[in-house]
Asker: 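Below you'll find the structure I mean.
Both backbone and side-chain heavy atoms feed into the values below; hydrogens, waters and symmetry mates do not.
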Number of protein chains: 2
Amino acid sequence: MARSQSQTVSLADVADAAGVSAQTVSRVVRGSDSVRPETRDKVRAAMDDLGYRPSFAGRSLKAGRYSSIGLVMLNITDTGNMLRLEGITSAAAAEDHAITLMEMAPGETLSLTEASRRMSALPVDGMIFNLNRMVPDFREFKPLPGLDTVIITMLEHPTCSTVDNDQMGCSEMIVSHLLEHGHANVHFISGPELSISGAQREEGYYEALASRGIPAPEVLRGDWTADSGYEAGARLAADPTCTAIYASNDAMAYGVAVAMHDAGKRIPEDVSLVGVDDSLGLFVPHNGLTTVRFDNRQVGLWAFRKVTGTHDMPRGRQHVLIPGTLVKRGTVAAPPSR
Amino acid sequence: MARSQSQTVSLADVADAAGVSAQTVSRVVRGSDSVRPETRDKVRAAMDDLGYRPSFAGRSLKAGRYSSIGLVMLNITDTGNMLRLEGITSAAAAEDHAITLMEMAPGETLSLTEASRRMSALPVDGMIFNLNRMVPDFREFKPLPGLDTVIITMLEHPTCSTVDNDQMGCSEMIVSHLLEHGHANVHFISGPELSISGAQREEGYYEALASRGIPAPEVLRGDWTADSGYEAGARLAADPTCTAIYASNDAMAYGVAVAMHDAGKRIPEDVSLVGVDDSLGLFVPHNGLTTVRFDNRQVGLWAFRKVTGTHDMPRGRQHVLIPGTLVKRGTVAAPPSR
DNA sequence: TCAGAAAATGTTATCGCTAACATGAACATG
DNA sequence: CATGTTCATGTTAGCGATAACATTTTCTGA
């Protein structure tokens with residue numbers, strides 16, 4: 001006999017229907033043990049009958065908390081972002097928190113200050129910024145008081161905790177892996193200039209070579225696409241000194257592989273190749289692409305735990321880099337003997 | 001001289017500081033024009049000084065709305081889901097709405113009723129379910145009164161509006177395209193059995209052939225992965241009657257292409273191949289894979305507009321299928337002449 | 001200059017919920 | 001049977017913002 005009720009039903013309505021006070025209904029809703037079972041059943045019946053649902057606004061106005069974390073993303077369409085998002089949402093689900101998502105439209109001027117101001121008008125106890133592009137006010141940005149803020153970025157921030165994949169370490173792993181196989185040098189294909197992660201991979205690459213006293217060959221600029229990798233690969237195929245290639249993502253590595261194939265060069269017999277992301281299912285030469293896999297889920301998880309202070313997270317500001325894993329497959333071998 | 005203020009600052013605090021009433025502050029916040037400029041400036045100064053931020057709870061308690069839509073996803077890690085998510089968030093940003101995201105953990109029993117109950121305790125005016133798996137209570141599910149609900153799914157629902165990609169139409173396009181090139185028949189590689197979209201593509205495939213009186217050859221069962229595509233491709237390469245293959249996603253089509261290459265068959269000279277998703281950047285034979293691209297952003301956009309009733313959406317329940325686009329590239333040609 | 005209109009600002013009540021306290025009922029103890 | 005103790009339930013107030021109404025101030029025009 002549930003009445004169809006278009007208006008919202010409040011605690012008071014249920015209280016009236018059940019012949020008790022609103023407070024008692026509230027106790028039933030929250031599962032307090034100091035309610036007589038028969039009263040509880042009566043109240044429950046009234047709730048079902050009226051279709052009562054607790055009001056988020058009323059509850060959180062009283063509580064002063066929202067149990068929700070705001071997430072600002074610059075753009076979503078990217079595997080890494082997606083995994084971070086999943087890390088955050090699953091951590092949130094585990095802690096009984098909701099996620100309020102806001103996208104900074106690509107057209108807008110990207111500003112942390114502005115994003116933070118807008119997010120602060122939403123029901124959030126803290127916020128996470130997922131930055132994958134440079135924003136002009138990164139260093140100047142000050143988090144709003146009372147709203148803990150974690151930024152997912154490789155760069156350290158003066159006041160906010162930060163977390164991201166360890167891009168420098170990734171380059172070190174790759175360069176080291178290739179050199180250990182006997183290559184004299186490693187050629188690098190970069191990402192687009194504005195990408196922070198690309199810039200860090202590049203910096204790590206230079207540093208890895210420099211720390212070993214190896215002069216870095218000219219870097220080829222790509223834009224993450226397989227096409228740009230193909231182009232770079234075609235140029236490297238013509239360079240007889242090039243025996244090892246570090247493409248800064250898998251899509252470009254794929255392009256390199258196709259270019260090498262077209263140029264009649266074999267992988268890994270003639271050229272060793274490493275990518276980054278572990279985003280390719282099947283790879284042209286069957287043995288699969290050697291690559292670095294990042295734990296983006298872990299990045300999201302860490303950001304969530306830090307911003308909520310769960311899991312005994314240390315209090316103060318932290319800068320954490322989550323290391324990736326070198327996945328050794330079939331595209332790295334010793335250089336051809338001259 | 002901004003004071004560092006750890007407590008939250010309310011309208012009343014600002015009112016005290018500015019020497020006006022709370023109502024006047026409220027008017028300034030909402031940009032009412034009936035405030036004298038000098039009063040407005042005084043209030044603004046006090047707001048800045050105290051670091052005032054409007055309370056979402058207070059505002060929405062009074063307003064009775066949240067200007068936020070709940071989104072339930074079963075899993076996020078999938079390109080299509082991601083694009084739908086982006087469609088939803090960008091539509092939401094345009095309408096000044098927030099998105100409250102909830103993930104149904106994979107381990108849980110998936111139930112629309114349960115998800116809807118949990119979501120209803122969050123600050124949402126309506127909700128969107130993004131279903132990409134079967135849920136047990138799909139037909140029985142009744143949306144909560146007052147909370148408009150849209151389900152992203154191919155299946156029609158008795159009470160909720162639904163929207164998704166037109167999978168049947170996709171199969172019709174592909175089969176028709178292949179037959180027009182003179183192929184006598186089309187072989188199909190399916191997705192995993194539990195996938196709704198896979199089932200619909202398969203049904204559309206059968207229907208497209210049946211409507212033309214062509215008997216369908218045995219269907220090969222895949223699981224979306226390139227590896228399963230490779231396996232199916234290897235079997236089809238051994239079948240001399242097979243000249244046209246419809247792989248129900250691009251990854252499997254990729255696997256087919258590699259298998260064909262390994263078996264010494266050329267694409268499209270010996271075998272024509274079509275995939276679905278347009279998810280591959282570069283394709284082995286340079287000319288690129290002919291495929292169908294779905295407009296998942298549009299699906300998300302529609303769901304949002306429908307649930308909020310913006311953009312003159314018709315009132316009642318609707319079931320909308322957004323058509324995909326056949327992207328003609330280089331993997332379809334006439335069958336080899338015997 | 002002053003009534004009357006218009007503009008600016010203040011007061012009250014309320015949205016739904018719950019902490020803190022108050023009350024009343026049932027029960028135990030001497 | 002009086003008294004204290006526990007348990008169940010009710011009452012009050014207030015979280016922050018704002019619509020509706022009330023009041024004060026300012027402006028207009030004869």
Side-chain angles (χ1 to χ4, degrees), chain A residues 5-44 46-47 50-68 120-125 144 146-147, chain B residues 5-44 46-47 50-68 120-125 144 146-147:
Chain A
Q5 185 82 26
S6 71
Q7 305 293 347
T8 44
V9 179
S10 74
L11 271 191
D13 299 327
V14 176
D16 284 353
V20 296
S21 74
Q23 180 63 214
T24 298
V25 179
S26 170
R27 280 191 263 257
V28 171
V29 170
R30 286 171 300 137
S32 161
D33 52 357
S34 62
V35 177
R36 230 172 11 171
E38 85 191 55
T39 309
R40 194 191 55 210
D41 294 345
K42 193 170 58 180
V43 170
R44 287 226 174 108
M47 291 198 311
L50 298 174
Y52 170 76
R53 285 169 322 193
S55 150
F56 177 89
R59 183 175 284 185
S60 50
L61 178 57
K62 196 77 189 33
R65 295 178 289 105
Y66 296 112
S67 298
S68 179
S120 77
L122 298 177
V124 296
D125 302 324
L144 295 170
L147 284 178
Chain B
Q5 184 84 26
S6 71
Q7 305 293 348
T8 44
V9 179
S10 73
L11 271 190
D13 299 328
V14 176
D16 284 352
V20 297
S21 73
Q23 181 63 212
T24 298
V25 179
S26 170
R27 280 191 262 257
V28 171
V29 170
R30 286 171 299 138
S32 160
D33 52 357
S34 61
V35 177
R36 233 175 5 177
E38 83 191 56
T39 308
R40 195 190 55 209
D41 293 345
K42 194 169 57 179
V43 170
R44 288 227 174 107
M47 294 198 311
L50 298 174
Y52 169 75
R53 285 169 323 197
S55 151
F56 177 88
R59 183 173 283 185
S60 50
L61 178 58
K62 196 78 196 19
R65 297 178 288 105
Y66 296 112
S67 298
S68 178
S120 77
L122 298 177
V124 297
D125 302 325
L144 295 169
L147 282 179

Asker: If you take any heavy atom closer than 4.0 Å to DNA chain C, which residues from residues 54-62 of chain B end up in contact?
Answerer: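 By residue number: B:Leu61, B:Lys62.
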Asker: To the nearest angstrom, how far is A:Asp16 atom CG from D:dT11 atom P?
Answerer: 12 Å
Asker: Side chain to side chain contact (heavy atoms under 4.5 Å, CB included) for A:Val124 and B:Phe56? Distances and angles first, verdict last.
Answerer: CA-CA 9 Å; A:Val124 296; B:Phe56 177 88; over 6 Å; no
Asker: If we only count heavy atoms from C-beta on, is the B:Leu11 to B:Val29 side-chain gap below 4.5 Å?
Answerer: yes
Asker: Could you pull out the protein-nucleic contacts involving nucleotides 5-8 of chain C (nitrogen or oxygen on both sides, under 3.5 Å)?
Answerer:
none

Asker: For A:Tyr66 versus B:Ser55, what's the shortest heavy-atom pair and its separation?
Answerer: OH-OG, 3.9 Å
Asker: List the residues meeting side-chain contact (heavy atoms from CB on, under 4.5 Å) with A:Arg53, not counting sequence neighbours, and say none if there are none.
Answerer: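 side-chain contact (heavy atoms from CB on, under 4.5 Å) check on A:Arg53 returns B:Ser120, B:Leu144, B:Leu147.
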Asker: Using whole Å, what does the distance between atom P of nucleotide C:dG16 and atom OH of A:Tyr52 come to?
Answerer: 10 Å
Asker: Where the side chain of B:Ser10 is concerned, which of C:dC17, C:dT18, D:dA17 is the nearest nucleotide?
Answerer: D:dA17
Asker: Between A:Arg53 and C:dG16, is there a contact of a side-chain N or O with OP1 or OP2 at under 4.0 Å?
Answerer: no
Asker: So which atom in B:Arg59 and which in B:Pro54 form the shortest heavy-atom distance, rounded to 0.1 Å?
Answerer: NH2-CB, 3.5 Å
Asker: For B:Ser60 and A:Ala57, work out which heavy atoms get closest and say how close.
Answerer: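 Taking B:Ser60 first and A:Ala57 second, the nearest heavy atoms are OG-CB, 3.8 Å.
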Asker: Show the nearest heavy-atom pair for residues B:Val20 and B:Val25, with the distance to one decimal.
Answerer: CG2-CG2, 3.8 Å
Asker: CG of B:Leu11 versus C1' of C:dT12: gap in Å, rounded?
Answerer: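 Result: 16 Å.
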Asker: Where the side chain of B:Asp13 meets the backbone of B:Ser10, is there a donor-acceptor pair that is under 3.5 Å apart?
Answerer: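 Yes, B:Asp13 side chain to B:Ser10 backbone: donor-acceptor pair under 3.5 Å.
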Asker: If you compare all heavy atoms of A:Ser67 against all heavy atoms of A:Asp125, which two are closest, and at what distance to 0.1 Å?
Answerer: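 Looking at all heavy atoms of both residues, the shortest contact is N-OD2, 2.7 Å.
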Asker: May I ask you to list the residues of residues 20-28 of chain A, by number, that have any heavy atom positioned under 4.0 Å from an atom of DNA chain C?
Answerer: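 The stretch gives A:Gln23, A:Ser26 as the residues lying under 4.0 Å from the strand, ordered by number.
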Asker: Over how many whole Å does the gap from B:Asp41 atom CG to C:dT9 atom P extend?
Answerer: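 Spelled out: CG on B:Asp41 to P on C:dT9 is 11 Å.
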Asker: In this structure, how many angstroms lie between the P atom of D:dA19 and the CZ atom of B:Arg65, rounded?
Answerer: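 Nearest whole value for this atom pair: 10 Å.
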Asker: Using C1' atoms of five pairs at each end, report the bend of the helix from C:dT1-D:dA30 to C:dG30-D:dC1 rounded to 10 degrees.
Answerer: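 End-to-end axis angle for the helix from C:dT1-D:dA30 to C:dG30-D:dC1: 40°, rounded to 10°.
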Asker: Shortest non-hydrogen contact from A:Ala46 to A:Ala17?
Answerer: CB-CB, 4.2 Å
Asker: Apply side-chain contact (heavy atoms from CB on, under 4.5 Å) to A:Arg27 and list each qualifying residue two or more places apart in sequence or on a separate chain.
Answerer: A:Gln23, A:Thr24, A:Arg30, A:Ser32, A:Ser34, A:Val35
Asker: Can you check the A:Arg30 CZ to D:dA8 C1' distance for me, whole Å?
Answerer: 14 Å
Asker: Let me know the distance between CE of B:Met47 and P of D:dA17, rounded to the nearest Å.
Answerer: 11 Å
Asker: Could you give the CD-to-C1' distance, from A:Glu38 to C:dA26, as a whole number of Å?
Answerer: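 Atom-to-atom, A:Glu38 to C:dA26, this comes out as 13 Å.
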